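Input: a single structure, listed below in structure tokens.
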Amino acid sequence: MTDSSGAGDRVDAAFVGRANIDLTIHVPHRARPGRTAIGSPVTTSAGGKSLNQAFAAARHGGRAALIANVGADTWAHQITTALTDAGVDTRHVRLVPDATTGAAIIEVTPDGESYITLALSPATELTTDDIHRATSGLGTEALIVQLDLPPEPVTTLLSHRRAPIVVGNLVPHPDLDPRLLAELDVLVVNQHEAAAILRTTAGTPLDAAAALQRLGPRIVVVTAGPSGAAFTDPHGSGTVPAPAVPVVDTTGAGDSFLGCLAVDLAHHTPLSDAITTAVHAGSHTVGHSGAHTPTNQILK
């Protein structure tokens with residue numbers, strides 16, 4: 001894929017991961033065994049954590065690029081059109097022939113909680129060759145990688161520094177060498193992901209951030225939904241509260257947080273200020289309609 005940017009253009013943040021189609025339905029409650037829940041008409045939209053983060057970065061005024069594969073199908077056209085319309089650099093979004101684009105089935109309940117099942121498309125998973133090809137032709141200040149990708153491309157990324165700032169997100173793939181976490185400048189996870197990595201649910205988000213930092217990352221940020229976020233870095237630690245907002249849809253709140261955080265870190269904004277802005281971005285996403293809320297609603 002190409003966009004209007006020149007081939008040598010540098011971006012603020014490049015997001016490495018997956019792009020898929022979100023199939024969203026609002027339901028009065030989740031279906032019970034042997035029973036059918038009747039919900040709203042299904043809506044389709046471009047999705048995937050890395051794609052959502054790239055959208056958020058662009059909305060925040062950053063120059064964002066996405067590194068991902070999609071199938072050469074109708075959904076791919078919808079995804080690439082949405083990316084182009086959002087101003088995201090798509091030159092490293094690769095269409096894989098004879099492959100199906102992945103999909104996420106999202107159920108949203110009246111309390112705003114989202115329940116997501118991801119239908120992976122193995123043929124579109126990033127490979128080591130994809131990483132070599134993309135990172136050799138793209139200059140970026142910050143590189144954000146989804147750690148749950150297959151271990152080979154993630155290892156390739158983390159073994160050789162390819163940007164001044166390297167950010168990891170999500171629970172690492174079980175086959176990823178845990179020593180590679182020491183190559184991260186920043187690890188960003190939510191409370192549930194932190195508990196999964198640490199194999200414990202005890203302690204506060206600040207406790208979790210400190211424990212995760214001992215695994216090697218220089219900076220750790222743990223998001224905690226309505227409680228905001230906790231962080232620790234070589235100079236100290238702290239928490240940032242979240243504003244109170246009505247919950248409409250939690251889909252993509254963490255991605256809005258990370259997209260904004262990546263841009264501000266690329267612009268060398270002090271960490272606590274960057275986290276404060278990111279918390280507000282994530283909170284306003286929750287207060288509207290998920291990851292695809294228009295710019296003027298997310299970052300008022």
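Computed from a predicted structure; not experimentally measured.
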* Identify whether L147 and L180 are in the same connected component of the hydrophobic contact network (ILVMFWY, side-chain heavy atoms under 4.5 Å). => yes
* Qualifying side chain to side chain donor-acceptor pair (under 3.5 Å) pairs, either residue in residues 224-243, two or more places apart -> Q213-T232
* Asked: Is a side-chain N or O of T204 found less than 3.5 angstrom from the main chain of D207, in a donor-acceptor match?
  -> yes
* To do: Check the pair Q146, V16 against side-chain contact (heavy atoms from CB on, under 4.5 Å), reporting the backbone distance first and the verdict last.
  => CA-CA 6 Å; Q146 306 301 307; V16 182; over 6 Å; no
* Between D12 and G62, which heavy-atom pair has the shortest distance, and what is it? -> OD2-CA, 3.4 Å
* What's the spacing between T135 OG1 and L143 CG if we round to 0.5 Å? -> 7.5 Å
* Could you state the interatomic distance from CG (L66) to CZ (F55), rounded to the nearest 0.5 Å? -> 9.0 Å
* Asked: Taking only residues at least two apart or on different chains, which pairs with a member in residues 145-157 satisfy salt bridge (Lys or Arg N to Asp or Glu O under 4.0 Å)?
  -> R18-D148
* Structure fact -> I144 and A262 have their tightest heavy-atom pair at CD1-CB, 3.6 Å
* Asked: Distance from L258 atom CG to N52 atom CG, nearest 0.5 Å?
  -> 11.0 Å
* **Sequence neighbours excluded - side chain to side chain donor-acceptor pair (under 3.5 Å) pairs with any residue from residues 166-188** => Q53-N169, R161-D185, D177-R179
* Structure fact -> Contacts of V27 meeting side-chain contact (heavy atoms from CB on, under 4.5 Å) (sequence neighbours excluded), chain-then-number -> I25, E107, T109
* OG1/T100 to CG/N20 distance, rounded to the nearest 0.5 angstrom? -> 13.0 Å
* Tell me whether V240 is reachable from L265 by hopping between hydrophobic residues (I, L, V, M, F, W, Y) whose side-chain heavy atoms are closer than 4.5 Å. => yes
* Asked: Rounded to the nearest 0.5 Å, what separation is found between the OG atom of S45 and the CG atom of D22?
  -> 4.5 Å
* Should D73 and T101 be marked as a side chain to side chain donor-acceptor pair (under 3.5 Å) after you check the CA-CA gap, both sets of side-chain angles, and the distance that decides it? -> CA-CA 7 Å; D73 55 16; T101 299; 2.7 Å; yes
* Minimum-distance pair of heavy atoms, taken over all atoms of G39 and P28 -> CA-CD, 4.4 Å
* Asked: Do T81 side-chain atoms and Q78 backbone N/O form a donor-acceptor pair below 3.5 Å?
  -> no
Atom pairs and distances, side-chain donor-acceptor, residues 268-276, under 3.5 Å, sequence neighbours left out:
residue : atom : partner : partner atom : Å
T269    : OG1  : D264    : O            : 3.2
T276    : OG1  : S272    : O            : 2.9

* Asked: With distance as the sole test, does T223 use its side chain to make a donor-acceptor pair with the main-chain N or O of G225 at under 3.5 Å?
  -> no
* Hey, could you give me the CG/CD distance between L198 and E193, rounded to the nearest 0.5 Å? => 11.5 Å
* To do: Please list all pairs passing the salt bridge (Lys or Arg N to Asp or Glu O under 4.0 Å) test where one or both residues lie in residues 129-146, with sequence neighbours left out.
  => R10-E141, R94-D130, D130-R133
* Asked: Should the heavy atoms of other residues, nucleotides or ligands under 6.0 Å from NE2 of H29 be counted, would the total exceed 12?
  -> yes
* Structure fact -> Looking only at heavy atoms, the pair that brings G238 and L206 closest together is O-CD1, 3.5 Å
